[in-house]
*Asks:* 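Please see the structure below; I have some questions.
All values below come from the heavy atoms of this structure, side chains included, with hydrogens, waters and symmetry mates left out. Note that ligands are numbered from 1 as they come in the structure, with each ligand's atoms numbered from 1 the same way.
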Amino acid sequence: MTAAVPDSSAATIAEAVRAAGRQFAEAGLEAPERSAQILICGLLDIGLTELVLDARNPLDVEAQSRIASAVARALNGEPVHRILGRREFYGLDLSLNEETLEPRPDTEILVDAALPHVSAIVALRGGCDILDLGTGTGAIALAILSQVEQARALGVDISEKAVLAATQNACRHGLEQRFRAMAGDWFENISESFDVIVSNPPYIRSSDIDGLDDAVRRHDPVRALDGGPDGLDAYRIMAREADSHLRQGGRIVLETGFDQHDAVIDLFGEHGLECLERRRDLGGRDRVLAFARTASQAR
Ligand SMILES: C[S@@+](CC[C@H](N)C(=O)[O-])C[C@H]1O[C@@H](n2cnc3c(N)ncnc32)[C@H](O)[C@@H]1O
């Protein structure tokens, strides 16, 4: 991609957005106008409403220069949320760092699928303990906690920096009393059991990593993507271990790759876990599965 030539003539917010959108379009970036809006709103710390209301406000020299250098980074292939160091997920503004995946809109479907189970368990028991495996920014667990006051969650991640991001995000949203995060290799350091286990594990086949979009391959951490030779490494571990960490009536809700539903259902089936639900993503592809212990194995 070509290096940016910052458009220094942009003097108002509206002009800056227009200029950035134009440069993104010329560079062939996806959703150029929307990306320009997100980037400039984020840099100026304003919402879309203020973007409209304050469109004619002049930008000072410092703001113009920050915008020019951020636009240059975007033109160089860096995703706008990476440049901003944060991304919204399920209405929560989440900080990112170099070891966290940018949470994706498709993962909100996992949250939607998990919420009825969490609420049903709360109605029955007055609370719900959730384990979020590979928590990253804490996105899934924190989204659930933001919706269900009686839920608590433990987030686990192999990355210490992800644990730090998840902890900071919990504090930022006032959820720190009900969320804790710790470093670990899946179930390695976990002795407790839970009502609901959620996870969006790495599920890309190792041989497909090189062919991913530049923005993903260069800016999302490989540990968050690489699911081993067939993409199923993490699911194998979860299928084997999840049951011994699941309370009676417990549920497991997982994100998968678009072509992995049948394989993951088989893996969990081999360990006495029955698929309750399959959900598709915003593009109509298989994305989320929910499991429970089969009736014959119920404890
Ligand atoms: C696809 S990302 C999901 C992040 C976050 N849950 C989300 O949905 O945005 C997978 C996460 O699993 C973590 N991870 C990878 N291997 C792991 C392991 N062996 N044990 C625990 N976490 C692991 C990665 O560091 C990464 O944060």
*Asks:* Without swapping roles, check the side chain of D220 against the backbone of E102 for a donor-acceptor pair under 3.5 Å.
*Replies:* yes

*Asks:* One residue to check: L101. Relative to ligand 1, which of side chain, backbone, both or neither has a non-hydrogen atom less than 4.0 Å away?
*Replies:* side chain

*Asks:* Does D157 reach the main-chain N or O of T135 with its side chain, forming a donor-acceptor pair under 3.5 Å?
*Replies:* yes

*Asks:* What residue and heavy atom of the protein are closest to atom 1 (C) of ligand 1, and at what distance?
*Replies:* A224 O, 3.0 Å

*Asks:* With atom 11 (C) of ligand 1 as the reference point, say which of A183, P201, G134 has the nearest heavy atom.
*Replies:* G134

*Asks:* Nearest protein heavy atom to atom 22 (N) of ligand 1, by residue and atom, and its distance?
*Replies:* I158 N, 3.2 Å

*Asks:* For ligand 1, which atoms have a heavy atom of T107 less than 4.0 angstrom away?
*Replies:* 8 (O)

*Asks:* What atoms of ligand 1 come within less than 4.0 Å of a heavy atom belonging to P103?
*Replies:* 9 (O)

*Asks:* Looking at R180 and E192, is there a salt bridge between them, counting it only when a charged N and a carboxylate O are closer than 4.0 Å?
*Replies:* yes

*Asks:* Pull out every atom of ligand 1 sitting under 4.0 Å from any heavy atom of R223, numbered as shown with elements.
*Replies:* 15 (C), 24 (C)

*Asks:* What's the shortest heavy-atom distance between Y235 and G257, and which atoms?
*Replies:* OH-N, 4.1 Å

*Asks:* Is ligand 1 under 4.0 Å from a heavy atom in the side chain of T135, in the backbone, in both, or in neither?
*Replies:* backbone

*Asks:* Specify the closest pair of heavy atoms between A162 and T100, including all atoms of both residues, with the distance to one decimal.
*Replies:* CA-CG2, 3.8 Å

*Asks:* Is the shortest distance from a Lys or Arg side-chain nitrogen in R287 or D112 to a carboxylate oxygen in the other one below 4.0 Å?
*Replies:* no

*Asks:* Give the residue and atom name of whichever protein heavy atom lies nearest to atom 7 (C) of ligand 1, and the separation in Å to one decimal.
*Replies:* N200 ND2, 3.7 Å

*Asks:* Would A162 count as a contact residue for ligand 1, given that I'm defining contact as a non-hydrogen atom of the residue lying under 4.0 Å from a ligand atom?
*Replies:* no

*Asks:* Which residue and atom name correspond to the protein heavy atom nearest atom 17 (C) of ligand 1, and how close is it?
*Replies:* W186 CZ2, 3.3 Å

*Asks:* Output yes when the distance from some N or O of ligand 1 to some N or O of D185 is under 3.5 Å, and no in every other case.
*Replies:* yes

*Asks:* I'd like to check which ligand 1 atoms, numbered from 1 as shown, lie under 4.0 Å from a non-hydrogen atom of G184.
*Replies:* 20 (N), 21 (C)

*Asks:* Below 4.0 Å from ligand 1: does a non-hydrogen atom of T137 turn up there or not?
*Replies:* no

*Asks:* Are V253 and L145 grouped together when hydrophobic residues (ILVMFWY) are joined by side-chain heavy atoms under 4.5 angstrom apart?
*Replies:* yes

*Asks:* Would you sort out whether D259 and R205 count as a side chain to side chain contact (heavy atoms under 4.5 Å, CB included), showing the intermediate values?
*Replies:* CA-CA 11 Å; D259 56 355; R205 289 175 190 83; 3.2 Å; yes

*Asks:* Does any N or O of ligand 1 fall below 3.5 Å from an N or O anywhere on D157, backbone included?
*Replies:* yes

*Asks:* Whether the side chain of R178 engages the backbone of A151 through a donor-acceptor N/O pair (distance < 3.5 Å, no angle test) should be reported.
*Replies:* yes

*Asks:* Do the side chains of R66 and D60 get close enough for a salt bridge, i.e. N-O under 4.0 angstrom?
*Replies:* no

